[in-house]
Enquirer: 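Supplied in structure tokens, the structure appears directly below.
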Amino acid sequence: GSYKKNSERSFLGIAPVNRAKSDKNYAYYKELAAFADRYIETEKKEIKLFAFDAGNENDVLATTCIKNLMKNKESVKTIAYNSNTDEFVKEFSECEMIIGSRFHSIVLAVLNGINTIAVYDNEKIDRICHDFNIMGIKKNDFCAENLMDSVKNYQHYSADTSDAKGHIKKLSEFLTE
């Protein structure tokens, strides 16, 4: 399908989460915006902001806030999921790395062989990071600087894809729990 080799991928994807009734959203958006600006300035690459949930937790609000807090707005494209799965996955698959806070962003990245760093605040994502060797940063410990360091020092822990089918089967079981 839409799987691309890493050499054909040129964007950094960020999939933030908007936690309803959280007083920590703004600080989190500010750090993601600072990280995104620094990334654009040092790597000379563009960023895609993905809004997975346009309903209850409305990630469109998160992507809008992050973009508004940035200096380098012209290097950012926002993609909101609007039930056109093919277009959304096409945009997503053009990313060489995903910074994901939404569970489904991490799963989609893993299934598409995209390097992933989770910035998370819940047990479900903590578990998937542990089970699938995904680099994770707890939201409470997260700042632009440590995320930038993680991106620069990123090692694709699960580079051994010999058991990819087994991982996908395990992931499918995990998703249906």
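Count residues from 1 along the sequence.
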Enquirer: Among the clusters formed by ILVMFWY side chains lying less than 4.5 Å apart, do M70 and V17 turn up in the same one?
Expert: yes

Enquirer: Is there a side-chain contact between N84 and F88, using heavy atoms and a 4.5 Å cut-off?
Expert: no

Enquirer: Rounded to the nearest 0.5 Å, what's the gap from NZ on K73 to CG on D37? Could you check?
Expert: 8.0 Å

Enquirer: Salt bridge or not between E57 and R102? Use side-chain N to carboxylate O under 4.0 Å.
Expert: yes

Enquirer: Assigning hydrophobic clusters by single linkage (Ile, Leu, Val, Met, Phe, Trp, Tyr; side-chain heavy-atom cutoff under 4.5 Å), is F11 placed with F35?
Expert: no

Enquirer: Could K139 and Y28 be counted as a cation-pi pair, given that NZ or CZ must be under 6.0 Å from the ring centre and within 45° of the axis?
Expert: yes

Enquirer: What are the two closest heavy atoms between P16 and T63, and how far apart are they?
Expert: CG-CG2, 3.8 Å

Enquirer: Working to the nearest 0.5 angstrom, can you tell me the gap between I117 CD1 and S101 OG?
Expert: 11.0 Å

Enquirer: Find out whether S150 and I137 are in side-chain contact, i.e. whether some heavy atom of one side chain is under 4.5 Å from a heavy atom of the other.
Expert: yes

Enquirer: Out of curiosity, E31 CD to L69 CG, how far, rounded to the nearest 0.5 Å?
Expert: 10.5 Å

Enquirer: Would you say the side chain of R19 lies within less than 4.5 Å of the side chain of D121, judging by non-hydrogen atoms?
Expert: yes

Enquirer: Among N58, N25, D59, find the residue that satisfies the side chain to side chain donor-acceptor pair (under 3.5 Å) test when tested with N18.
Expert: N25

Enquirer: Can I99 be reached from L61 by stepping across I, L, V, M, F, W or Y side chains whose heavy atoms are under 4.5 Å apart?
Expert: no

Enquirer: Check E43 with R38, please: is the shortest side-chain N to carboxylate O separation under 4.0 Å?
Expert: no

Enquirer: Specify the closest pair of heavy atoms between F50 and F92, including all atoms of both residues, with the distance to one decimal.
Expert: CZ-CA, 3.5 Å

Enquirer: Which atoms form the tightest heavy-atom contact between L32 and L147, and what is the distance?
Expert: CD2-CD2, 4.1 Å

Enquirer: How would you list, by chain and number, every residue that makes a side-chain hydrogen bond (donor to acceptor under 3.5 Å, both in side chains) with E41, sequence neighbours excluded?
Expert: N72

Enquirer: With rounding to the nearest 0.5 angstrom, report the SG to NZ distance, C129 to K138.
Expert: 9.5 Å

Enquirer: For the residue pair I114 and S93, what are the closest heavy atoms and their distance?
Expert: CD1-CA, 4.1 Å

Enquirer: State yes or no: do Y154 and I40 share one hydrophobic cluster built from I, L, V, M, F, W and Y residues joined by side-chain heavy-atom distances below 4.5 Å, directly or via other members?
Expert: yes

Enquirer: For F52 and Y81, I'd like to know if the aromatic rings sit close, meaning centre-to-centre distance below 6.0 Å.
Expert: no

Enquirer: So do T42 and M148 actually touch side chain to side chain, heavy atoms under 4.5 Å?
Expert: yes

Enquirer: Between C95 and L12, what is the shortest heavy-atom contact and its length?
Expert: SG-C, 4.2 Å

Enquirer: Do K48 and E91 sit within salt-bridge range, that is, some charged N less than 4.0 Å from a carboxylate O?
Expert: yes

Enquirer: Rounded at 0.5 Å granularity, tell me how far CD1 in I106 sits from CD1 in I125.
Expert: 4.0 Å

Enquirer: Assess the residue pair M97 and V151 against the criterion (side-chain contact (heavy atoms from CB on, under 4.5 Å)); give the C-alpha distance rounded to whole Å, side-chain angles, the decisive distance to 0.1 Å, and a yes or no.
Expert: CA-CA 9 Å; M97 178 178 274; V151 168; 3.8 Å; yes

Enquirer: Check this for me: does any side-chain nitrogen of one of R127 and E123 sit under 4.0 Å from a carboxylate oxygen of the other?
Expert: no

Enquirer: Quick check for you: to the nearest 0.5 Å, what is the distance between K67 atom NZ and T78 atom OG1?
Expert: 4.5 Å

Enquirer: Say whether, by atom type as modelled, one donor and one acceptor occur between the side chain of D126 and the main chain of N122 under 3.5 angstrom.
Expert: no

